[in-house]
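Contents: one structure, followed by commentary.
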Amino acid sequence: MARRCAILKNPYEVLGIKEGASEEEIKKAYRELVRKYHPDQYRDNPLADLAESKLREVNEAYEYLMKNKNTSNEYEQSKRKSWWNNSKTENGGFYQQVRVQINNGNLDAAEKELNSTSDRPAEWFYLKGLIFLKRGWYDQAYTHIQTAARMEPYNFEYKDALRRMNNANNMYRMNAYGRGYNKDLDLCQICQCLWCTDCCCECAGGDFIDCC
Amino acid sequence: VFGYIVPEKPELKIKEYELFRAFYCGLCKSMGKYHGQVARLTLNYDSTFFALLISCVFNEKLDIKKERCILHPFKKRIVLKNNKVIEYISDINILLAYYNLKDNWDDDNSVISVAGMVALKRACKRIEAKYAGMAEAIKKHLREINELEVEKCNSIDMAAEPFARLLGELLVYKPLLQSEEAEKIINWIGYNVGKWIYIVDAYDDIEKDLKTGAYNPVVLQYCYNKGENKGENACEFKNRVRDKISFILTYCLGQIAKTYELLEQRPYSGIIGNIVYLGMLKKTEQILYGKEMCNIEKSV
């Protein structure tokens, strides 16, 4: 894989840095890109697979550059690996099947399956919400996932999905503020945004603010 | 429906501003050249954004000239010439403007709409003949929009769907996009932009629609003046639903921003980022919080 990337694309270009950039620069660019294309950022997006291949490209470029510098660092590698293994396997049977279909992007089939049962447990609402989310029906998605979280308040998965949706908006706003939107914004809001992002990154295995 | 997508001018670099204007003038001139002077009146900033977006994928050498025009007869301006993306976007701009006028005509029978339709009719026929299947796609989605209006659909998501899809499909013009990946990305951006436009427009029209009794999905979904909210006025209603609408709109913008990052080449990131993060967010908040602010207490 690394070789293919080296032939097809200039690893420096992939990372968006100048050729001959220092190791520090490479690492910095790499970290930023990983944050940008992290699978968690695209969970609600039907093009998640594209983000994944982008990330793979970034990983390959980084690996290639690091290997050539003979400074491959075990810690970074183990950290990178853990991001790929975040697939969940819970609950057998009916809902598992629906989950597989949703993950494969088979939304129509998944929805048909869900509608075929008259049973309405929290998981039903959750999965229905996920389908809506991938279709771009954000309002319905939020309502359904909220219902699921209300029915089973101690379920981490549902709560997490809700938090993620709220976080997506915070991320966007933070980027906008970073670009100079509403400069006279009060400090309180900025702090809140930073804090939310930090939490989000920490949950995903990274970190936004190092000291907390 | 159109004209909501604007850049935040003070935050643009001068070169970005010039390039944005070159695209805008390019579109305007292209419309004049192929479809007559009246067609130029339909141009809006939305199309400029679409042209920039598709130009990220269809990488053509920019042919830039300095020219005068009727509106600016004394000072020469930078204009983008002979550009395939510009040509395509100016074509769909005219089609959308035509169907928008037609829709207005069905609603209010105004003279302006008819005059516009007559003026654009020939250009429209020509464009429809140029792109196979496009007219059918537009008509199909517009029919769906009308059906949902007649049914009095009370789900914002469902009501916004046909317009969102229409925009997504219109932006995917295969000869310009060249890869399946790019098609998917542009389609999803188009979908979310369409959704955002539709919902912004619906929220913007609440007062007007309440007065005339016209269809408005926001009014229906959040049950204006019914049940426990009996006796509320338009302003109170807007305050009540503001956060929910804000959530959906911000989500659309977040998706546009994120999906854009997936494009292979992003030569106009400065302008597109400015539009997506600053211009569209500002527009959203202007519409949500209104110029007159609807006497709300903004939470800290």
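- The residue among Gln221(B), Glu161(B), Glu8(B) with the most heavy atom pairs within less than 4.5 Å of chain A is Glu161(B).
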Item to check | Intermediate values then yes/no, side chain to side chain donor-acceptor pair (under 3.5 Å), Asp204(B) and Tyr4(B) | outcome: CA-CA 11 Å; Asp204(B) 203 17; Tyr4(B) 288 110; 3.2 Å; yes
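- Comparing Ile248(B), Ile245(B), Leu262(B), Val276(B) by how many heavy-atom pairs each has under 4.5 Å with chain A, the most go to Leu262(B).
- The parts of Ile185(B) that come within reach of chain A are both its backbone and its side chain, each placing non-hydrogen atoms under 4.5 angstrom from that chain.
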Checklist entry - Does the pair Asp44(A) and Gln255(B) meet the rule for a side chain to side chain donor-acceptor pair (under 3.5 Å), with working shown? => result CA-CA 9 Å; Asp44(A) 52 358; Gln255(B) 288 285 317; 3.0 Å; yes
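- Options Tyr142(A), Tyr42(A), Tyr138(A) differ in how many heavy-atom pairs under 4.5 Å they form with chain B, and the most are formed by Tyr138(A).
- Only the side chain of Lys195(B) comes within contact range of chain A, with heavy atoms under 4.5 Å apart.
- In this structure, the portion of Tyr191(B) lying under 4.5 Å from any heavy atom of chain A is its side chain and not its backbone.
- Contacts of Asp49(A) with chain B are made by side-chain atoms alone, with heavy-atom separations under 4.5 Å and no backbone atom involved.
- For Glu261(B) and Lys54(A), the salt-bridge test fails: no basic side-chain N is under 4.0 Å from an acidic carboxylate O.
- Looking only at heavy-atom pairs under 4.5 Å with chain B, the residue among Ala141(A), Pro46(A), Gly178(A) that has the most is Pro46(A).
- No part of Phe132(A) comes within reach of chain B, as not one of its non-hydrogen atoms sits under 4.5 angstrom from that chain.
- Using a cutoff of 4.0 Å between basic side-chain nitrogens and carboxylate oxygens, Lys159(A) and Glu152(A) are not scored as salt-bridged.
- Look at Arg56(A) and Glu63(A) and you find no salt bridge, because none of the NZ, NE, NH1 or NH2 atoms lies under 4.0 Å from a carboxylate O.
- Remark: the His38(A) side chain and the Gln41(A) side chain contain no N/O donor-acceptor pair separated by less than 3.5 Å.
- Salt bridge Lys27(A)/Glu23(A): present, at least one basic N to carboxylate O contact under 4.0 Å.
- Taking a cutoff of 4.0 Å between a charged side-chain nitrogen and a carboxylate oxygen, Glu18(B) and Lys13(B) do not qualify as a salt bridge.
- There is no contact between Leu249(B) and chain A, counting heavy-atom distances below 4.5 Å.
- Contact of Lys244(B) with chain A is not made at all, since no heavy-atom distance falls under 4.5 Å.
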